[in-house]
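Here the structure is a predicted model, which means the values were calculated and not measured. Every heavy atom of this structure was used, including side-chain atoms; hydrogens, water molecules and symmetry mates were not.
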Amino acid sequence: MRWITPLPLGLSAADLAALALLALAWFGVCRLVERPPASRPSVSVLMKRYRREWMRQFLHRDPRIFDGNILSSLREGTSFFASACMIALGGGMALIGNTDPLAGIARDLEAQEIPALLWRLKILLIMLFLANAFMKFVWAHRLFGYCAVMMAAVPNDPGHPRALDRAMAAAEVNIHAARNFNIGLRAVYFALGSAGWLAGPWGLMLGLAIVSAMTLRREFASGSRQAILNDMGRDG
């Protein structure tokens, strides 16, 4: 019975275990994706090579409108997700001010009575991930902007002594932008997984299991990853 005995703030031992699992899953998945074993790189790591190769090809492309269009599409993607996070954060703030709808749903499902403070903690957890995602998307958007400026500073003459160095510097900024964008996406995934806590600690654990498995599959066992590896194999 101690497993379900309420602790301070209305938390139970099961809630604390689920939150510990959440922290472990978040930091573990992020580290595994960003710093995978050398023998099994993630899609995010593999794409760094293509971003650098993009800048090498960019040097010799004339005109360079195609590259500008790609960068614009990347910035539009970050803008879209940043805007969506802002809307979701606004909804979360409104829900924190009035938790009665959630309490009503719990009563309809014949769940145990949950203190209003605990409802607010559950919503704040979701908002924490959404806020992190928003900041990552905004920073990625700005970094893609820096990348655009640096690309514009690359001399049109591929033989210019500074051309390759500037292109490679732009590639590194592009890689940092993509990394922040990917972290933002993972934060959105975990926000969705954290929503399972509204159904209780077991809902949170189930949500984490689904989100973690989906994220790792896409990074390490997806068809897109295999296509990238096949292409790299042809390049030698």
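- At distances below 3.5 Å, not a single donor-acceptor pair connects side-chain atoms of N132 with backbone N or O atoms of L128.
- Other residues, nucleotides and ligands place more than 12 heavy atoms under 6.0 Å from the CE atom of M150.
- Between the side chain of E219 and the backbone N or O of V43 there is at least one donor-acceptor pair closer than 3.5 Å.
- Between N156 and R64, the closest side-chain pair of non-hydrogen atoms falls below 4.5 Å.
- Note: L95 CG to L124 CG = 10.5 Å, rounded to the nearest 0.5 Å.
- Two residues are said to be in side-chain contact when any heavy atoms from C-beta on lie closer than 4.5 Å; S212 and F190 meet this criterion.
- Nearest heavy-atom pair, F134 versus A82, reported as atom, atom and distance to 0.1 Å: CD1-O, 3.4 Å.
- Atom CG in D157 sits 10.0 Å away from atom NE2 in H60 (nearest 0.5 Å).
- The residues R52 and E172 are annotated as salt-bridged, a charged nitrogen and a carboxylate oxygen being separated by less than 4.0 angstrom.
- With sequence neighbours excluded, the residues forming a side chain to side chain donor-acceptor pair (under 3.5 Å) with Q57 are E53, listed by chain and number.
- Residues V173 and F144 fail the side-chain proximity criterion, which asks for heavy atoms closer than 4.5 Å.
- In this view, R35 satisfies the salt bridge (Lys or Arg N to Asp or Glu O under 4.0 Å) rule with no residue, not counting sequence neighbours.
- By the criterion of side-chain heavy atoms lying less than 4.5 angstrom apart, applied directly or through intervening Ile, Leu, Val, Met, Phe, Trp or Tyr residues, F27 is not grouped with V45; the two fall into different hydrophobic clusters.
- Under 3.5 Å, the side chains of W54 and N174 contain no donor-acceptor pair of N or O atoms.
- A pairwise comparison of heavy atoms in I228 and M47 identifies CD1-SD, 3.8 Å as the closest pair.
- Counting heavy atoms from C-beta on, the side chains of L164 and P158 never come closer than 4.5 Å.
- Hydrophobic clustering places Y50 together with L229 (ILVMFWY residues linked when any side-chain heavy atoms are closer than 4.5 Å, directly or through intermediates).
- Every salt bridge (Lys or Arg N to Asp or Glu O under 4.0 Å) that R61 has, sequence neighbours left out, goes to D67.
- Checked against side chain to side chain donor-acceptor pair (under 3.5 Å), S72 has no partners two or more places apart in sequence or in another chain.
- Residues R56 and M168 are in side-chain contact: their nearest non-hydrogen atoms beyond the backbone lie under 4.5 Å apart.
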* To do: Given side chain to side chain contact (heavy atoms under 4.5 Å, CB included), test V29 with L32 step by step and report yes or no.
  => CA-CA 5 Å; V29 168; L32 192 58; 5.8 Å; no

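- In this structure, W197 is not a member of the same hydrophobic cluster as L192, with clusters built from ILVMFWY side-chain heavy atoms closer than 4.5 Å.
- When side chains are defined from C-beta on, W26 counts as touching F129, because their heavy atoms get closer than 4.5 Å.
- The backbone N or O of A133 sits nowhere less than 3.5 Å from a side-chain atom of R186 that would complete a donor-acceptor pair.
- Evaluation of the side chain to side chain donor-acceptor pair (under 3.5 Å) rule for R225 yields no partner, not counting sequence neighbours.
- Across all their heavy atoms, A170 and M151 have their closest contact at CB-CG, 3.9 Å.
- In this structure, a donor-acceptor pair under 3.5 Å is absent between the side chains of S44 and E34.
- Within the 4.5 Å cutoff, no side-chain heavy atoms of R166 are placed close to those of H160.
- The heavy-atom pair separating P41 from P36 by the smallest distance is CA-CG, 3.8 Å.
- Side-chain contact check for L19 versus L125: some heavy-atom pair is nearer than 4.5 Å.
- Counting only distance, with no hydrogens or angles, the side chain of T78 and the backbone of R75 share a donor-acceptor pair below 3.5 Å.
- In this view, S79 and H141 satisfy the side chain to side chain donor-acceptor pair (under 3.5 Å) rule, not counting sequence neighbours.
- M214 is not connected to V188 by any chain of hydrophobic side-chain contacts under 4.5 Å among Ile, Leu, Val, Met, Phe, Trp and Tyr, and they are in different clusters.
- A distance of 11.5 Å separates CG in L121 from CD1 in I126, rounded to the nearest 0.5 Å.
- How far CE of M232 is from CG of L46: 4.5 Å, rounded to the nearest 0.5 Å.
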- How far apart are the C-alpha atoms of F181 and F81, what are their side-chain angles, what is the distance that settles it, and do they pass the ring pair (Phe, Tyr, Trp, His ring centres under 6.0 Å) test? CA-CA 9 Å; F181 180 75; F81 282 105; 5.8 Å; yes

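- Rounded to the nearest 0.5 Å, atoms NE2 (H176) and CG (L143) are 8.0 Å apart.
- Annotation for S194 and L22: closest pair OG-CD1, 4.0 Å, computed over non-hydrogen atoms.
- Rounded to the nearest 0.5 angstrom, K136 NZ and N180 CG are separated by 4.5 Å.
- Contact record, F220 with R40: O-NH2, 2.6 Å, taken as the closest heavy-atom pair.
- For the side-chain contact (heavy atoms from CB on, under 4.5 Å) with L208, the qualifying choice from L204, V211, L206 is L204, the only one to do so.
- At a threshold of 4.5 Å between side-chain heavy atoms, the hydrophobic network of Ile, Leu, Val, Met, Phe, Trp and Tyr places I210 and M205 in two separate groups.
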